[in-house]
Structures are given as structure tokens and as C-alpha cells.
Peer 1: 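Mind having a look at this structure? Questions to follow.
As the structure lists them, so they are numbered: ligands from 1, and atoms in each ligand from 1.
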Amino acid sequence: MANGLKRTPGFFDFIIIGAGVIGSATACYLKKALPESRILLIDRYHTAGAGNTAKSAALFRNFFSSRTNRLLAGSSISYYLEPGTKVQLDPTGYLWLFSKEQWNASRTAIHELDPEKNKFEILDRDRIADILGINYQAKGHFPDVNSGIFCHLCGSLSATALARHYASLFKSMGGEINFNTDIKEFIITGQNSCYAPWDNVFIDGIVDQKGNTYNAKEFIVATGAWTHDLLAPIGIASGILPKKRQLFALKIENNAGLLADSTSTIRPAIILPAGGVYIKPVFDKNIIIVGCADDLGQPFLMSDPEPDPLYFQRAIEPVLNHYFPELDFILSLKWAGYYDYHWPDMTPVIESVANLTWVGGTSGSGIMKADAIGRIAAARVQGHKEALLADGSKFRVSRLSLQDRDVEKEELII
Ligand SMILES: Cc1cc2nc3c(=O)[nH]c(=O)nc-3n(C[C@H](O)[C@H](O)[C@H](O)COP(=O)(O)OP(=O)(O)OC[C@H]3O[C@@H](n4cnc5c(N)ncnc54)[C@H](O)[C@@H]3O)c2cc1C
């Protein structure tokens with residue numbers, strides 16, 4: 001090519017940028033629907049799921065106030081039960097603890113849910129005491145524990161195994177994958193008359209870090225937290241912004257408090273009523289993983305990717321010390337990643353401009369919703385109005401668009 005770019009052989013029907021759990025699931029369902037089409041999945045890393053998918057706590061829950069989120073997560077979980085051990089599915093439950101104030105604020109949403117259908121039970125303080133040796137007393141910033149919900153159809157899985165599961169299914173159907181390929185630029189055609197708005201502007205190709213170009217009829221951007229930085233320069237307001245999130249693995253020296261009975265087979269993830277602090281137990285490794293979802297003060301930027309021990313000391317440790325005063329632990333590992341948020345409803349986005357579709361805005365729950373999102377994104381690029389989800393339900397694809405958005409605000413947020 002005259003400008004020094006190297007055209008890679010072939011012309012693809014679809015190119016998907018981003019082989020995280022979302023791009024891999026999308027690639028898988030698109031190839032399944034269109035086995036004859038030529039589809040290329042690209043990622044800058046060496047394997048599928050190595051971006052924020054790998055940083056995730058990989059907890060899953062079907063427990064949301066929003067009907068849309070219940071559908072996306074519930075149907076995805078019904079699919080994850082199928083590969084089961086392959087994705088290291090561990091349905092140990094969620095124990096969600098509420099202060100009186102939080103309970104009153106969420107009461108309407110909770111009472112609209114069917115405990116039998118959604119497989120949860122409401123617990124009073126005594127029942128919580130049977131499971132956890134928790135300190136109930138309010139002090140300073142830490143509210144009293146008033147009630148809880150035990151969600152049975154929740155737990156954890158391996159997020160990287162899930163992404164690789166979709167990527168390998170995609171490959172086994174004849175899909176093509178290019179790892180170590182970092183897309184730097186979009187080639188946009190139709191601007192010959194210099195920004196005339198009646199030009200048919202579309203994406204002709206993409207260019208990687210080595211100057212190789214890749215051409216396709218349709219492009220799908222599934223780059224998670226990197227979406228804003230990739231699409232803003234070409235004039236697309238994706239509605240997706242990154243925010244740093246950190247996790248800390250604590251080696252448990254004594255289990256006092258975390259489980260009332262250390263022989264218990266109940267090992268739920270725990271959501272504490274203060275500061276958005278949550279705990280993922282990995283008792284067979286004698287560790288717990290703790291995180292926190294703070295808002296004000298945490299920038300919508302891909303700034304410093306390093307975890308900050310001070311953050312643990314200031315935001316998380318005081319909460320643990322309050323609710324589990326006898327718990328003895330050593331901070332053994334820490335890492336940071338990014339949520340890709342869509343505000344204000346914290347529900348995923350699937351939208352298109354010309355021949356480019358972007359899928360993201362998973363807002364901290366992309367692992368648990370990936371199967372449904374992949375199916376809906378694949379349906380959208382095929383021009384279908386509805387997607388068939390794993391549990392047999394039908395989902396109108398435009399509900400996740402920006403232009404015809406039809407989703408509810410989520411009340412049960414970590
Ligand atoms: C600390 C933390 C805890 C979390 N806990 C949970 C949880 O418990 N449960 C849950 O459901 N979710 C959780 N999440 C959220 C979850 O990880 C995300 O929702 C999910 O991984 C999003 O998947 P994705 O495929 O969109 O993004 P990613 O996995 O980040 O994939 C995007 C891919 O795009 C690639 N890419 C980006 N730009 C380019 C480019 N220019 N060229 C080529 N490739 C590119 C990246 O390399 C990356 O592999 C957590 C996230 C974090 C950070």
C-alpha cells in the first residue's frame with residue numbers, strides 16, 4: 001500500500017477487537033450462527049481473557065432488582081451450569097448483609113422478587129449468626145447488621161477459563177484468532193469530499209502496531225475499559241468509561257468470625273453493609289479475596305494500573321476489623337484492573353454506527369452476564385431484532401442500545 005501499511009491477506013466478514021470474555025462469547029455465537037462467514041478475533045494479549053477478565057473476582061449472582069440484569073445474569077448462569085467444572089463453577093452462594101437503612105431502601109425491589117424462582121432466602125440476625133460470627137454493633141461509619149439475603153444460585157467461576165472456553169469453541173468452528181495484535185487506528189472511508197455529512201462514512205479497515213491492516217465488512221469493538229480511548233478519537237461517544245478497581249488476597253491465620261463454624265460447608269461470598277466491601281472466600285487455599293466499590297474520588301480514567309496498599313489500609317481493613325474483630329490475616333497478594341461503566345443505569349451497551357458495533361459497559365458484572373451479552377451482540381450484528389438466550393427467553397436487542405434504550409436502574413449494587 002502506498003502509505004506504507006501492509007494489507008493482511010483476505011477480507012473478513014466480521015472482525016472482533018478484544019478477546020475478553022465479552023468478545024470471545026460474541027465471536028463464538030456469531031460463528032455458530034454464520035458458520036460460512038470469515039470471522040477474525042483480535043487481541044493485544046497472548047491469550048483470551050487476559051485483560052480485565054483475568055483481574056475479576058469472577059463472582060456471579062442472579063440477584064438483581066432490575067429485570068434486565070436478572071435476565072442477562074440468570075440466563076448466563078443457566079449456560080455456565082453446562083460446562084460446569086470446565087469453567088470451575090462453584091455455586092457456594094452469596095450472603096448479602098444489609099443495615100436497617102439499606103434494607104428499607106432495597107425493600108421494594110426485594111419484595112418484587114420471587115424467593116422460590118430466584119432461589120434466595122431472607123435471613124434475620126439470628127440466622128446470620130448461625131453462619132457468621134459477625135460483630136453486629138454499629139460504630140462510627142459502620143452500620144449495625146440488620147438482615148441478610150442468602151442467594152443460592154450465586155457463586156464463583158474461573159473467568160479466564162470461561163473466556164478460553166468461548167474462544168476455543170469459536171476456533172473449533174473455523175474462527176480465526178490473532179493474538180499479540182494491538183489495534184492502533186481505524187481507516188475511515190467516505191470522507192473524500194472533506195467532511196461532507198452526506199458522504200457514506202464507514203470503517204474500511206483497522207491498523208495494528210506493526211502497520212498491518214485488516215479489512216472487513218463489519219467491525220465489532222469489545223475492548224471493555226479501553227473502549228472510550230479507542231472510539232472517542234473517531235468521534236464515537238460509546239457511553240463507556242473506565243474506573244480502577246482493586247482486589248486484595250489475604251492469607252487467613254485464624255478463621256475466627258468469618259465462618260461461625262469452621263467445618264461449615266457453607267462458604268458464601270459476603271457483601272458487608274459498609275463501604276461496598278465484599279469478600280470472596282477461597283478456603284481450600286486458606287485465603288479470602290476482598291474488594292471494594294467506591295465512587296466519589298475514583299477517576300473515570302485509565303490512570304495508575306498498580307494496586308495501592310494504602311487503599312487496602314484505609315478503605316477495606318477498617319471494615320474487616322470492625323465486622324470480624326478476631327479475624328487474623330496477612331495481605332499476600334494485590335492487583336488492580338478496570339470496570340467499564342455505563343452510567344447511569346450500570347447495564348451493558350450494544351450500539352452501532354455505520355459498520356461498527358461496540359459491546360461493553362458491563363459495569364463490574366461482565367463475567368456473570370457474558371453469555372447473554374455475547375448472544376445479543378451476535379444477534380445485533382446479524383440484524384436480528386431478538387436474541388434467544390440460554391434459558392429459552394427472548395431478548396429485544398435494541399433494549400441495550402443507546403438510542404432505543406429500555407432498561408431499569410439497578411438498586412442492588414455492590
Ligand atoms: C477487580 C475487578 C473485579 C471484578 N469482579 C467481577 C465479578 O466478581 N463478577 C463479574 O461478573 N465481573 C467482575 N468484574 C468485571 C469483569 O471483569 C468485566 O465486566 C469483564 O471482564 C469485561 O469483559 P470484557 O471482555 O468486556 O473486557 P476485557 O476482559 O478487558 O477484554 C477486553 C480485551 O480487549 C483487548 N483490547 C483492548 N484494546 C485493544 C486494542 N486496541 N487492540 C487489541 N486488543 C485490545 C484487551 O487486551 C482485552 O483482552 C471485575 C472487574 C475487576 C477489574
Side-chain angles (χ1 to χ4, degrees), residues 15-27 40-62 64 69 72-73 76-77 80 94 154-160 162-164 166-167 177-186 206-209 214 219-231 233 240 242-249 269 271 278-280 289-293 302 305 307 311 334-342 346 348-350 358-374 377 414:
I15 294 180
I16 298 157
I17 311 170
V21 72
I22 299 298
S24 300
T26 304
L40 176 65
L41 176 63
I42 283 177
D43 203 286
R44 63 155 70 101
Y45 292 129
H46 66 287
T47 184
N52 283 303
T53 294
K55 305 286 179 71
S56 146
L59 293 164
F60 67 82
R61 62 174 160 128
N62 67 336
F64 290 92
N69 281 332
L72 298 177
S76 297
I77 295 166
Y80 303 155
Y94 259 49
C154 305
S156 68
L157 48 75
S158 164
T160 38
L162 183 64
R164 285 177 198 163
Y166 286 122
I177 305 184
N178 273 20
F179 288 125
N180 304 308
T181 304
D182 194 357
I183 298 307
K184 297 291 187 193
E185 204 186 312
F186 290 93
I206 49 176
V207 185
D208 73 11
Q209 78 278 17
Y214 305 82
F219 294 85
I220 299 151
V221 170
T223 49
W226 291 273
T227 304
H228 175 75
D229 284 356
L230 197 61
L231 296 186
I240 298 168
K243 198 184 261 264
K244 184 174 171 179
R245 292 294 180 218
Q246 310 179 46
L247 288 173
F248 300 87
I271 298 152
Y278 61 93
I279 301 173
K280 173 184 173 177
I289 295 170
V290 287
C292 170
M302 298 206 78
Y311 181 83
K334 54 187 183 306
W335 65 95
Y338 291 89
Y339 279 14
D340 53 309
Y341 273 114
H342 174 68
M346 306 226 223
V349 169
I350 305 176
W358 64 99
V359 47
T362 50
S363 308
S365 50
I367 309 302
M368 60 186 101
K369 296 173 186 160
D371 190 77
I373 297 171
I414 300 179

Peer 1: Any idea which part of Leu247 is under 4.0 Å from ligand 1, heavy-atom wise: side chain, backbone, both or neither?
Peer 2: side chain

Peer 1: List the closest protein heavy-atom neighbour of atom 9 (N) of ligand 1: residue, atom name, distance to the nearest 0.1 Å.
Peer 2: Leu59 O, 2.9 Å

Peer 1: Using a 4.0 Å cutoff against the non-hydrogen atoms of Thr181, which atoms of ligand 1 qualify?
Peer 2: 42 (N), 43 (C)

Peer 1: Tell me which protein heavy atom sits closest to atom 31 (O) of ligand 1, plus the residue, atom name and distance to 0.1 Å.
Peer 2: Gly20 CA, 3.4 Å

Peer 1: Parallel under 30°, tilted from 30 to 60°, perpendicular over 60°: which one fits the rings of Trp226 and Tyr45?
Peer 2: perpendicular

Peer 1: For atom 24 (P) of ligand 1, state which one of Ile22, Thr26, Ile17 supplies the nearest heavy atom.
Peer 2: Ile22

Peer 1: Looking only at protein heavy atoms, which one is nearest to atom 52 (C) of ligand 1, and how far off is it?
Peer 2: Tyr339 CE1, 3.5 Å

Peer 1: Please determine if Asp43 has a nitrogen or oxygen closer than 3.5 Å to a nitrogen or oxygen of ligand 1.
Peer 2: yes

Peer 1: For atom 38 (N) of ligand 1, which candidate among Arg44, Gln246, Gln209 provides the closest heavy atom?
Peer 2: Arg44

Peer 1: In this structure, does ligand 1 have an atom that sits under 4.0 Å from one of the heavy atoms of Gly360?
Peer 2: no

Peer 1: Does even one non-hydrogen atom of Gly291 get within less than 4.0 Å of ligand 1?
Peer 2: no

Peer 1: Atom 18 (C) of ligand 1: which protein heavy atom is closest, and how many Å away?
Peer 2: Thr362 OG1, 3.9 Å

Peer 1: To the nearest 0.1 Å, how far is atom 3 (C) of ligand 1 from its closest protein heavy atom, and which atom is that?
Peer 2: Ala57 N, 3.5 Å

Peer 1: Among Thr223, Thr227, Thr362, Asn52, whose side chain to side chain donor-acceptor pair (under 3.5 Å) with Asp340 holds?
Peer 2: Thr362

Peer 1: For atom 32 (C) of ligand 1, which of the options Ala293, Ser156, Ala222 provides the nearest non-hydrogen atom?
Peer 2: Ala222

Peer 1: Decide whether the shortest distance between a heavy atom of Gly364 and an atom of ligand 1 is less than 4.0 Å.
Peer 2: yes

Peer 1: What residue and atom, counting heavy atoms only, is the protein's closest point to atom 36 (N) of ligand 1, and at what distance?
Peer 2: Thr223 CG2, 3.8 Å

Peer 1: Nearest protein heavy atom to atom 29 (O) of ligand 1, by residue and atom, and its distance?
Peer 2: Thr53 OG1, 2.5 Å

Peer 1: Mark up the atoms of ligand 1 that fall under 4.0 Å of a heavy atom belonging to Gly18, in ascending order.
Peer 2: 33 (C), 34 (O), 35 (C)

